[in-house]
Amino acid sequence: LMYNNLDRNIPPPVSATSGGAWQSDQLLLTQIEYDLIPFKRAFLKLRSGYQMQDNRYNLPGVVDATTRINGWNNKVDFGYDWSNKLQVNGTLQFDRSWIKSDGVGNITENLYNGLINANWRVIVPLKLAFGFRVNGISKSTPVIMPYGGLVWEISPTSGNLRLNISEVYRFPTINERYWKPGGNPDLLPERGWNYELGYSYKKKLGIYHVSAGITGFYSDIDNWILWTPSSNNSAIWEPQNIWNVIDKGMEFVFNFNFRPTGNIEVETGLNYSYTHVYASEIKNGNPEISGKQLLLSPQNQFTIPISIR
């Protein structure tokens, strides 16, 4: 069970002629789980829950709108170990949402997802993972997305190489389509391909456990959805498909943990990412953004996580 209530003031953009807005968000989540091991090599996990979201957006003199979403969420995870070299697992998910928005009225929508995955250790240093995902939404044709990858253990002391290729398909979210002000019910799904190549390394140095990794990624996405200020009122943001976007960059992760005493564990590290996200083709929106870093997509990010348990 989780409940969250948040009120916030939203300052206007520098170019806006009106004052700032006020937004209220309430969220209630409940969930029950049931785990089952029907026999030695299999597992089954059932989850079902209810969620309620209430959002109110007020821009004085322009709009005062409320969006409520009630949802029933269900998920089944399952798996089976065929042998020491081959494991198969999957997920089935069904969500039903009841949406009441000042922008579009009352809508009922079903969302369903599926995943089948196989992990196969071909030889001792080589492991393959492959499968497919299925996504569907009310009044649309289900989409099948294949993916595959491999992990090569260079040696027990030299780390691993990873390669992943996957098709990407994302339906616009409920807020992107029905949020008022700004929701766009005519949005098209994003679709494209994602490629990753990485290296990871782990080592124990006395009481310290050290791990590091670097990953390069490249995505080519059609119908990328981007929120931008409205041409009618820059204080209101609207999502739109901007045609083709390239998302490429690299991520570096360094972590180490240790136990200063038997009951305390300390973990910290350094994460850095460089991301270049730009529109290579423009279908809608300002053509001047072509080739430039997209709005709300930081190019350099640093984080230093610290946890004590």
Side-chain angles (χ1 to χ4, degrees), residues 8 10-13 15-18 20-27 51 53-71 95-113 135-143 145 168-192 219-247 277-290 292-297:
R8 59 188 174 123
I10 304 173
S15 58
T17 57
S18 60
W22 168 81
Q23 183 171 322
S24 171
D25 300 293
Q26 295 185 60
L27 174 65
Q51 66 169 333
Q53 300 179 57
D54 260 342
N55 308 103
R56 183 183 174 193
Y57 181 90
N58 179 268
L59 181 61
V62 180
V63 65
D64 186 357
T66 300
T67 301
R68 167 172 283 192
I69 302 171
N70 291 287
D95 299 334
R96 169 164 285 192
S97 298
W98 294 268
I99 306 152
K100 183 178 181 180
S101 169
D102 289 345
V104 295
N106 297 322
I107 294 175
T108 300
E109 183 172 271
N110 297 325
L111 175 68
Y112 44 93
N113 300 299
N135 282 2
I137 200 169
S138 298
K139 300 179 182 179
S140 72
T141 303
V143 178
M145 298 165 287
V168 180
Y169 193 97
R170 186 180 77 85
F171 287 103
T173 66
I174 290 175
N175 279 342
E176 287 170 338
R177 285 174 290 146
Y178 303 130
W179 174 264
K180 184 178 180 180
N184 183 356
D186 298 322
L187 287 172
L188 299 174
E190 297 177 343
R191 187 164 196 170
S219 297
D220 187 341
I221 308 296
D222 288 331
N223 297 322
W224 181 285
I225 298 171
L226 180 69
W227 287 81
T228 58
S230 169
S231 58
N232 297 321
N233 187 331
S234 59
I236 296 176
W237 290 61
E238 300 174 338
Q240 57 182 326
N241 295 109
I242 60 170
W243 201 232
N244 182 263
V245 166
I246 302 299
D247 181 1
V277 187
Y278 63 93
S280 60
E281 296 180 43
I282 300 294
K283 180 178 181 181
N284 297 308
N286 186 356
E288 294 182 0
I289 69 173
S290 180
K292 299 179 180 178
Q293 187 79 4
L294 292 185
L295 198 64
L296 305 179
S297 299

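Among all heavy-atom pairs drawn from Pro239 and Glu176, the shortest one is CG-O, 3.2 Å. Listed here is the closest heavy atom pair of Ala279 and Leu294: N-CD2, 4.1 Å. Contact detail for Tyr178 and Ser101: the closest heavy-atom pair is O-OG, 3.0 Å. Closest of all the heavy-atom pairs between Tyr112 and Ser140 is OH-O, 4.0 Å.
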| request: List the steps and the verdict of side chain to side chain contact (heavy atoms under 4.5 Å, CB included) for Ile225 and Glu190. | output: CA-CA 7 Å; Ile225 298 171; Glu190 297 177 343; 3.5 Å; yes

| message | Could you go through Arg191 and Asn223, starting from their C-alpha distance and side-chain angles, then the distance that decides it, and tell me whether this counts as side chain to side chain contact (heavy atoms under 4.5 Å, CB included)? | response | CA-CA 7 Å; Arg191 187 164 196 170; Asn223 297 322; 5.8 Å; no

| task | Using the side chain to side chain contact (heavy atoms under 4.5 Å, CB included) rule, take Gln53 and Ile174 through it: C-alpha gap first, then chi angles, then the decisive distance, then the call. | result | CA-CA 11 Å; Gln53 300 179 57; Ile174 290 175; over 6 Å; no

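To the nearest 0.5 Å, the span separating OG1 on Thr108 from CD1 on Ile99 amounts to 7.5 Å. A distance of 5.5 Å separates CZ in Phe171 from CD1 in Ile137, rounded to the nearest 0.5 Å. In this structure, CG on Asp247 lies 7.5 Å from OG on Ser297, to the nearest 0.5 angstrom. Between atom CG of residue Asp54 and atom OG of residue Ser24 there is a gap of 8.0 Å, rounded to the nearest 0.5 Å. Considering CD1 of Ile69 and CD of Glu109, their distance stands at 9.5 Å, rounded to 0.5 Å.
With hydrogens and angles ignored, the 3.5 Å screen pairs a side-chain donor or acceptor of Asn241 with a backbone N or O of Leu188. In this structure, the side chain of Glu238 does not engage the main chain of Asn184 through any donor-acceptor pair within 3.5 Å. In this structure, the side chain of Gln293 engages the main chain of Val277 through a donor-acceptor pair within 3.5 Å.
With Arg56 as the partner, the side-chain hydrogen bond (donor to acceptor under 3.5 Å, both in side chains) test is satisfied by one option alone out of Asp64, Asp25, Thr66: Asp64.
Between Asn244 and Trp224 there is no side-chain heavy-atom pair separated by less than 4.5 Å.
For Thr228, the side chain to side chain donor-acceptor pair (under 3.5 Å) test picks out Gln240, with sequence neighbours left out. Applying the side chain to side chain contact (heavy atoms under 4.5 Å, CB included) rule to Asn70 yields the partners Tyr50, Met52, Arg68, Trp98; only residues at least two apart in sequence or on another chain are considered.
Side-chain contact check for Asn55 and Thr67: no donor-acceptor pair (N or O, by modelled atom type) lies under 3.5 Å.
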